[in-house]
Amino acid sequence: MKIDKAELKDNILRELRRQYGKTLEEAHEFELYNAISKVALDYAMEKWYNTKKTYAKKQVKQMYYFSAEFLMGRFLGNNLINLQINDVIKETLNELGVDINKIEDREMDAGLGNGGLGRLAACFLDSLATLSLPGHGYGLRYKYGMFEQKIENGFQMEYPDDWTKYGDPWSIKRMDRVFEVKFGGQIEVHRDEFGKEYFKRVNTETVHAVAYDVPVIGYGNDTVNTLRLWEARSPEGFDLKLFNDQTYLQASAKAVQAEDISRVLYPNDTEKDGKQLRLKQQFFFTSASLQDIIRRYKSVFGNDFSKFADKVAIQLNDTHPVVAIPELMRIFLDKEKLGWDEAWNICKNVFAYTNHTILSEALEKWDISLFQPLLPRAYQIIEEINRRFVAELQEKYPGDWERINKMSIIGNGQVRMAWLAIVGSHKVNGVAALHTEILKNIELKEWNELYPEKFLNKTNGITQRRWLLKANPELAALITELIGDKWITNLYELKKLEQYLDDDNILNRVSEIKLHNKEKLAKYIKDTTGIEVNPNSIFDIQVKRLHEYKRQLLNVLHIMDLYNRLKENPYLDVEPRTFIFGAKSAAGYRRAKGIIKLINAVAEKVNNDSDINGKIKVVFLENYRVSLAEKIFPSADVSEQISTASKEASGTGNMKFMLNGALTLGTMDGANVEIVEEVGLENAFIFGLSAQEVENYQAHGGYNPFDEYNSVEGLKKVVDQLGDGTYDDNHTGIFRELQNSLLYGVDGSRPDVYFLLKDFASYREAQDRLQNAFKDRREWTRKALKNIANAGKFSSDRTIAEYAKEIWNIEPVQVQDYIES
Ligand SMILES: *Cc1c(COP(=O)(O)O)cnc(C)c1O
């Protein structure tokens, strides 16, 4: 886009005047952020209009990504890059004496998600727009996103994340797109003039869904898709009767209740939350989205629904939006008066479902006693879906009651959302090759036997626009200098970097860029924690949600052991290392919070022990989120991906590290398997039990952790140190509980469910290999470059191209110009 600097200057200054009545000198940084964002949005506006018009006029099939979470992070920097106006904006601001980086740092993250699943949705939107594909997001506009984490006394504290408090320049409120969503009440049976019966919901509690649109700007093209997020509002004149008869407070309390639906994101990652409000959120956003999709369809095709599945694809991101299946059936049956078979056929062809985890605690099931009163018509429809489905099973597996009971959508007093998703979708996918195999052969074995044609794999990916071009500008510039800029939209181009693997000059430059990024992070660490770290030490980083299966505790146990060894032998040959953590724990997850406290307790001790001469440092960075992640990945030497094999479905953090030249220290789990396949075993550090071994132990009741405790040198000491007061948990007893969970199991669970002690020796051995490898800096950098060069597969562009072809059946669309000038 060609932009005149003088005009840009005028626009920004005018926007400041218009919004705040201020001059540049008077404006706060956040006001300047808002002004620049509005000006940038203006440059996207025509493309946005043209994109919508093109899709409607060409009557193309469109895909809608239904997700309870979109972890978007910051918009400004990314949108400037995708609009390709970042250079001119930067220069213009420079001339005005303003540092764009400072302004970008003012933006609050749109943290409308927990972790990997929500960030995947965000990367997918970026790839859809960049590939010129007609695909949009539908979700919830939480007033409060992922909580802000502060570390106080070593403990995690949670504070509300009021992410729009300085304004929200990238959203456009759409009062012309408001829908009613109905909860509770009763169902009445009516007959139409032909005697056909249909159902009507009465005495419902009605909530309004108001749309907020966020532009999703493709990189270097004319496509601007839409992320539409719904806000809950109590309807106009809501409970006026209450207002008249009783008190104003009660009337407004009702309104508050309605608006609670989109008030806050549930901060549980991979853990179901059986709260009624959560189900309300799910139904609220899926119902509004479906009504909107039907409205759009009818505006082009009228009442003829025979083409619906040829024009609409809906991807269900995990089970959170699965209640969309009965809701679309309801709209077809009760409002559009379609017959069951016709409606059901369309549904199955519209929906596809992505499974994100095999952890049983994440499988969503709703008690009927909660579900039915809240969503009576949806429940009735699910009963009918299940009645027909079970009849099919009886035909196929006569007398096999065990199988039929296991597969029934309703059972044990609960609605099983994953089963509903599989029955109501035409495709079911896992998110990495290993994960999909486990689904097909173990977790969803019966389902794969019944519907083998439904199952397929779509290995996750990440967008290189945010995670390399934006996050690591120096490395991005070097790559472009060497192989041109095609990698920005075709990441396989990176393979061309292999010609420089033995070029000392290039290896030096890669190494210098890494050092420079490490210096920048070291400064951030100093500024935010006061801890002094050595940029020449190994930056060994584990950033991700805190969960026992991700095994941050294994990482800490190794640090405790390394520290013990150093204390015993000050001359021990250790390469200086900085262990960096970032992780939020679910607010109610006791042991996860205990692990955060332990990291901080170990950091406190190790960082302040002059005996070890600063050879190891431990840092916990608070409030891990997308914008912090962008600062962290470019500076990593080592990517800790140490989940218990079989438990991490894919991981995407592993891909961001690889793309930025970190070496993976990991188990053969999730997408690590495919990373190693791409880069070669010799360019990673792999350790631990295989998924198969873990499954075998689990099938036979686990293992005895005392075998390792008593035999692995140094292990007894660190496990004992959890209980003997070596590290201070402020009398909470939480470190002893961690110890108990390893040795005895707590709350009736097996000891060491996640095989930390079993994998300890193997992990330590890999750590030792790694530190020795770092001594040869040239060889290390060669491995780093090898990782970068082979990261092509892990672009979300590749993932999205596969979904588009094999699941959605959508194609790139050239956006036309519909604006008369
Ligand atoms: C990529 C990302 C994640 C996912 O990390 P994993 O290591 O795959 O669990 C979580 N949170 C943020 C902020 C991310 O950017």
Side-chain angles (χ1 to χ4, degrees), residues 67 69-74 78 108-127 145-149 161 163 265 267-271 317-318 356-357 359 362 431-432 434-435 459-468 470-472 540-552 555 580-586 592 621-636 638-644 647-660 662 664-667 669-675 791 794-796 799:
S67 180
E69 304 187 8
F70 287 92
L71 193 49
M72 302 297 283
R74 290 175 175 159
N78 202 249
M108 308 247 321
D109 281 38
L112 310 183
N114 272 285
L117 174 149
R119 184 53 229 174
L120 183 76
C123 284
F124 279 5
L125 293 182
D126 184 79
S127 287
M146 189 60 206
F147 64 78
E148 184 188 353
Q149 177 195 55
D161 165 43
W163 67 284
L265 167 78
N268 291 336
D269 190 53
T270 64
E271 173 112 37
N317 196 25
D318 213 295
H356 284 270
T357 175
L359 296 182
V431 290
L434 175 68
H435 170 60
T459 298
N460 283 166
I462 56 165
T463 167
Q464 65 267 36
R465 269 80 61 188
R466 184 175 292 261
W467 296 112
L468 179 54
K470 174 168 189 307
N472 199 343
D540 177 320
I541 307 187
Q542 186 171 21
V543 285
K544 48 181 76 248
R545 286 301 293 262
L546 203 311
H547 198 291
E548 284 166 286
Y549 85 82
K550 291 177 183 279
R551 300 203 295 191
Q552 282 94 349
N555 190 340
I580 299 169
F581 294 85
K584 286 177 183 173
S585 159
L621 290 175
E622 65 184 9
N623 205 26
Y624 180 57
R625 62 199 187 283
V626 173
S627 60
L628 180 55
E630 289 170 26
K631 295 180 169 64
I632 291 175
F633 289 110
S635 70
V638 177
S639 161
E640 294 262 2
Q641 306 300 334
I642 60 178
S643 54
T644 312
K647 302 298 179 194
E648 186 74 88
S650 164
T652 49
N654 46 4
M655 303 167 185
K656 301 168 199 164
F657 277 112
M658 179 192 196
L659 184 61
N660 283 280
T664 303
L665 167 56
T667 48
D669 199 16
N672 298 353
V673 176
E674 290 159 80
I675 286 177
F794 304 106
S795 169
S796 46
T799 314

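Just follow the structure's listing: the first ligand is 1, and inside any ligand the first atom is 1.
Under the side chain to side chain donor-acceptor pair (under 3.5 Å) criterion, E148 pairs with no residue at all, not counting sequence neighbours. Checked against side chain to side chain donor-acceptor pair (under 3.5 Å), E69 has the following partners two or more places apart in sequence or in another chain: N114. Residues meeting the side chain to side chain donor-acceptor pair (under 3.5 Å) test with T463, sequence neighbours left out: D126, R465.
Between the side chain of D109 and the backbone N or O of R74, no donor-acceptor pair lies under 3.5 Å. Here the side chain of N660 pairs a donor or acceptor atom with the backbone of W467 at under 3.5 angstrom. A distance-only check finds a donor-acceptor pair linking the side chain of Q552 to the backbone of R545 [under 3.5 Å].
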Could you pull out every N or O of ligand 1 that sits under 3.5 Å from a protein N or O, with the distance for each pair?
residue, atom, partner, partner atom, Å
ligand 1, 7 (O), K544, NZ, 2.8
ligand 1, 8 (O), T652, N, 2.8
ligand 1, 8 (O), G653, N, 3.0
ligand 1, 9 (O), K550, NZ, 2.9
ligand 1, 15 (O), K656, NZ, 2.7

